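Following: one structure in structure tokens, then a few remarks.
Chain identifiers are assigned alphabetically (A, B, ...) following the order of the sequence lines, protein sequences preceding nucleic acid strands; residue numbering begins at 1 within each chain. Since the model is a prediction, treat every value here as computed from it, not as a measurement.
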There are 2 protein chains.
Amino acid sequence: MESTAVLRRFNRTYTQRIGALDESFLGLGMPLASARLLFEIGGAQPVTVQDLRARLGLDSGYLSRLLRGLESRRLVELSPDPADRRRRVAALTESGARLLTDLDDRSDALATRLLEPLSERQRARLAEALATADLLVRAATLEFEVVDPASPNARLAMGHYFAELDRRFEGGFDPGPLTEADLATMRPPGGTFVLARSDGEVVACGGVQSLGEGVGEVKRMWVHDGWRGAGLGARMLRRLEDDAAALGHTVVRLDTNATLTDAIALYERSGYASVARYNDNPYAQRWFEKPLSAPAASTRRPRG
Amino acid sequence: MESTAVLRRFNRTYTQRIGALDESFLGLGMPLASARLLFEIGGAQPVTVQDLRARLGLDSGYLSRLLRGLESRRLVELSPDPADRRRRVAALTESGARLLTDLDDRSDALATRLLEPLSERQRARLAEALATADLLVRAATLEFEVVDPASPNARLAMGHYFAELDRRFEGGFDPGPLTEADLATMRPPGGTFVLARSDGEVVACGGVQSLGEGVGEVKRMWVHDGWRGAGLGARMLRRLEDDAAALGHTVVRLDTNATLTDAIALYERSGYASVARYNDNPYAQRWFEKPLSAPAASTRRPRG
DNA sequence: ATATTTGTCTGACTAGAGTCAGACGAATGG
DNA sequence: CCATTCGTCTGACTCTAGTCAGACAAATAT
């Protein structure tokens with residue numbers, strides 16, 4: 001069966017069998033929107049109203065009303081943010097925390113009840129299938145965005161990248177201090193820096209810098225551990241190539257360490273050819289290059 | 001991760017990423033409830049209002065209003081059922097059919113858009129995972145029900161069963177006429193007949209008859225082809241054993257044909273032991289028996 | 001210091017989705 | 001043929017989940 005058909009069939013099954021149950025149960029005693037709000041507040045304790053609005057995608061007036069509802073039932077407490085007294089931060093009260101645990105238990109009980117008719121083996125199969133689907137659905141709905149390499153999220157992502165290299169290289173890895181000059185290479189006109197985020201969490205990154213007339217270099221490409229197997233590396237690489245082409249590069253290079261076999265496999269799969277050493281990076285043992293086709297100025301859409 | 005946790009995580013991902021998109025798109029131009037109703041009418045053309053109510057689980061007043069809405073927009077036509085003029089049957093008009101195609105296309109486009117960022121391979125992986133999840137979620141939400149073996153659905157199920165035997169036995173299979181006496185064996189006090197249904201469709205069946213003081217026999221056990229691999233056979237067998245025990249039997253027997261290797265494997269997995277021929281069924285080559293533990297009168301819950 | 005922007009809140013609406021209590025004609029059981 | 005049941009419809013509600021237009025105070029820009 002075609003994959004769109006499978007998706008649509010599943011969608012029907014799902015909304016009929018699970019969605020409906022979920023909504024009727026979860027909300028028991030309170031509207032669904034309030035319950036969701038409570039969950040969201042409980043997730044990352046003191047959270048600003050602004051944050052909640054962004055995460056739940058609610059109208060400010062509506063959210064305000066919902067909050068006041070929870071406040072009047074003494075489930076949450078709002079107080080001005082000392083750092084910016086226009087902002088208000090929400091936190092659960094004790095009874096709010098208790099209710100949240102309660103809702104959580106109820107949701108758990110519902111899930112258990114739903115799975116109950118299945119055998120242990122089938123439950124495991126279902127869990128595996130859902131985990132796969134979860135990963136891929138998240139991957140399909142990722143957001144790529146160009147950010148300044150000096151922004152907090154970009155620094156965070158590069159931090160993950162360096163930490164991973166340090167773990168994987170035999171003698172460890174020392175990036176040295178992250179200088180402003182270094183960051184500046186990944187800004188226009190010759191460079192760029194791209195993040196992939198899911199639910200606000202940074203899950204992948206990558207940069208491009210210019211090596212001179214028409215030559216770009218892919219740098220700092222990293223994918224979150226929990227996101228391996230979703231083709232994120234390939235998508236990020238494609239995205240960086242597209243961006244490099246848009247910046248006027250006609251060829252991209254990259255270097256890598258011989259221990260990063262998965263990355264090397266990705267480069268080879270993606271049409272990169274081994275070339276001779278083109279820099280003096282002491283951590284690099286392999287160098288690659290790939291010609292870029294010129295971006296079709298008007299028809300080109302950013303992929304991924 | 002525990003399977004309930006996986007289910008819950010998936011649930012969140014799903015409602016956030018797909019559910020929301022779906023609802024906003026599908027309904028474009030009309031409320032979701034109307035769109036769903038249109039889909040349902042389009043599914044099995046002339047359909048009674050009663051049927052729609054059952055399938056969508058709607059209040060009769062509400063459904064009536066929704067139907068009138070569609071009728072006033074000339075999307076459906078209602079006419080009294082000639083067989084019972086209290087009933088009304090709904091059918092799409094031409095423009096209704098056109099709109100349905102339109103909604104269908106839109107839904108398809110949405111699914112395609114959602115899958116677009118994934119590679120061919122990942123799409124296939126996702127489709128496989130969703131198909132597995134679909135099967136298991138459906139299996140988990142099946143409804144078992146005791147019905148009279150002479151009821152239309154029971155006859156239908158046994159028809160499937162006989163047809164399958166006819167396909168699988170080398171020399172074919174001739175059940176002979178389905179006599180009232182034969183059916184009566186699968187009624188209380190000593191017998192029963194159980195159906196499993198999903199979305200109204202019969203997907204499995206099985207019966208028990210009495211072979212005399214305390215001995216029950218499992219008969220006519222059948223599982224729909226599309227439902228293999230969901231453990232439905234094992235669940236039906238367990239259910240029949242429970243019911244047999246509740247009817248006072250202390251042991252169950254069954255016979256089977258040597259070509260039905262999957263069934264034989266199921267019996268052996270389920271604790272059945274080979275015994276000598278106990279009947280003169282010309283199609284049987286293997287005979288099995290299993291002792292039943294007495295039902296704990298109060299604590300016993302029907303399983304599955 | 002003043003104007004503008006930002007973050008939150010209030011009031012006044014709307015649409016969707018559904019519930020509940022009957023009304024009414026058609027079918028059915030005795 | 002009469003009472004009851006069944007299938008559908010109408011009217012009068014309710015609750016959720018929003019939207020939109022301001023109001024107002026705190027922060028920031030000029």
Quiz item: Is any side-chain N or O of B/Arg53 closer than 4.0 Å to OP1 or OP2 of D/dT8?
Solution: yes
Quiz item: Are side-chain N/O atoms of A/Arg88 and A/Ser79 paired as donor and acceptor at under 3.5 Å?
Solution: no
Quiz prompt | Nearest-angstrom distance from the residue atom CG of B/Leu52 to C1' of D/dG7 | solution = 13 Å
Can you name the atoms? Protein N/O to nucleotides 18-28 of chain D N/O, anything below 3.5 Å, with the distance.
residue : atom : partner : partner atom : Å
D/dA27  : OP1  : A/Arg85 : N            : 2.8
D/dA27  : O4'  : A/Arg86 : NE           : 3.4

For a quick test of your reading: what N or O donor-acceptor pairs under 3.5 Å do the side chains of residues 57-67 of chain A make, sequence neighbours left out?
residue : atom : partner : partner atom : Å
A/Asp59 : OD2  : A/Gly61 : N            : 2.8
A/Asp59 : OD2  : A/Tyr62 : N            : 3.0

Exercise. Take A/Ser34 and B/Val49, find for each the nucleotide of DNA chain D with the closest heavy atom, and name the residue whose nucleotide sits nearer the 5' end.
Key: B/Val49
Exercise. Output all residues satisfying side-chain hydrogen bond (donor to acceptor under 3.5 Å, both in side chains) with B/Asp102, sequence neighbours left out; order by chain, then residue number.
Key: none
Quiz item: Under the salt bridge (charged side-chain N to carboxylate O under 4.0 Å, His left out) test, which residues partner A/Glu180, sequence neighbours left out?
Solution: A/Arg187
Quiz item: In whole Å, what is the span from the CE atom of A/Met30 to the P atom of D/dA17?
Solution: 11 Å
Quiz item: Is any side-chain nitrogen or oxygen of A/Arg68 closer than 4.0 Å to OP1 or OP2 of C/dT8?
Solution: no
Quiz item: Which nucleotide, D/dT8, C/dT8, C/dA17, lies nearest any side-chain atom of B/Pro31?
Solution: C/dA17
Quiz prompt | Minimum-distance nucleotide (side-chain atoms of B/Leu32 versus C/dG7, C/dA17, D/dA17) | solution = C/dA17
Self-check item: Pairwise salt bridge (charged side-chain N to carboxylate O under 4.0 Å, His left out) hits with a residue in residues 42-52 of chain B, at least two apart
Solution: B/Asp51-B/Arg55
Quiz item: Who passes salt bridge (charged side-chain N to carboxylate O under 4.0 Å, His left out) against B/Arg197, sequence neighbours left out?
Solution: B/Glu145
